[in-house]
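This report concerns only the one structure given below.
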Amino acid sequence: MNSKLNILILAVAVILGFSLAGTAFAQRAAQEAVLEDRVQGDPLAGLELATISCAEVNWDRRMLAEYPWSPEACHDVVISGGEHWARFEIDFLGREPDGTIRAEFIGPDERSHGIVNLEPGDNQRVLLDGQPYTWDEVFEGQRLSLFAPEGEFGFAGAPDAPRGQMARRADEVPPVEDDEQMRLAEAEEDPFAERPRELPATAGPLPMLGLAGLLSLLGGIALTIRRRLGRPTI
């Protein structure tokens, strides 16, 4: 009796195991199908392609300083809101605990231009097949598009996005000012950098010693003349 009960329990456990495994496999297959569909979708869906090339874009100087590979990594240029937007493609590598995202920029030749940690803008959305998604709704490994407005600094998830939704590098360094302006600013902020109130005493004691010697010489000559004038004549 006990052996039959054990066999029955074992059979139920095996059936449940296969059922759970099948459910997990089906969920994973569905997720991979969605991922594949989004990755292979048309990145230019619903976008108007511009006639200028990436090399003709008026790049912001900070973009070229922070990301010198921008012209080479740019895939094409689209038009939105009457503006040109350079389109980049990234492989989404995940989101860090601090909220930043890791993105690998892939050029048109499928060459990697490096991995950049980006801090997303508030309520930023990214386009997949022309549909907006939040960063929490995309999967690791997906190929996404980012857009940089011509003459500006930062990456938008969609063209014509509000400027407050621009993503920038998490460890971004503020732009360096002109050297002369920096020196003037430092001089103004330095409380110890005050102008001297009195001229410095650059003269040494030599002039005073020379004057004393001259007075002594004149005094000696005067005494000699006085002694000679005061002698009685014979």
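What you are looking at is a predicted structure, and each value in this text was computed from that prediction instead of being measured.
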In terms of ring plane angle, is the pair F88 and F105 parallel, tilted or perpendicular, where the classes change at 30° and 60°?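 Geometry flag for F105 against F88: perpendicular rings.
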
Find out whether [X] and [Y] are in side-chain contact, i.e. whether some heavy atom of one side chain is under 4.5 Å from a heavy atom of the other.
X    : Y    : answer
V116 : Y67  : yes
H84  : I79  : yes
L144 : W135 : yes
M166 : F155 : no
E96  : I101 : no
W59  : C74  : yes
P132 : V126 : no

Look at the side chain of E56 and the backbone N and O of S53, then say whether any donor-acceptor pair between them is shorter than 3.5 Å.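 Side chain of E56 to backbone of S53: a pair is present.
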
Strictly distance-based, threshold 3.5 Å: is any side-chain N or O of E66 a donor or acceptor partner for the main-chain N or O of M63?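 No.
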
Can you give me the closest heavy-atom contact between [X] and [Y], atom names plus distance?
X    : Y    : result
G157 : Q124 : N-NE2, 3.3 Å
I106 : H75  : O-NE2, 2.8 Å
N117 : R102 : OD1-CG, 3.3 Å
D160 : S80  : CB-OG, 3.1 Å
R95  : P120 : NH2-CG, 4.5 Å
R62  : D60  : N-OD2, 2.8 Å

Salt-bridge present (E152, R163; N to O < 4.0 Å):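 Result for this pair is yes, salt bridge flagged.
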
Would you give the length of the straight line joining atom [atom1] of [X] to atom [atom2] of [Y], rounded to the nearest 0.5 angstrom?
X    : Y    : atom1 : atom2 : result
Q165 : D122 : CD    : CG    : 8.0 Å
D91  : Q142 : CG    : CD    : 10.0 Å
S145 : I90  : OG    : CD1   : 8.5 Å

Flag for E150-W85: side-chain donor and acceptor within less than 3.5 Å: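 Result is no, nothing qualifies.
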
Check: D98/T100 side-chain N/O donor and acceptor closer than 3.5 Å: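 Short answer, yes.
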
Between E89 and R143, is the salt bridge (Lys or Arg N to Asp or Glu O under 4.0 Å) condition met? List the steps. CA-CA 7 Å; E89 289 190 0; R143 180 68 58 88; 3.3 Å; yes

Is there a path of hydrophobic side-chain contacts, each under 4.5 Å between heavy atoms of I/L/V/M/F/W/Y residues, joining W69 to L93?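 In one cluster: no.
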
For V77 and C54, run side-chain contact (heavy atoms from CB on, under 4.5 Å): C-alpha distance rounded to whole Å, both residues' side-chain angles, the deciding distance at 0.1 Å, then the answer. CA-CA 6 Å; V77 184; C54 294; 4.3 Å; yes

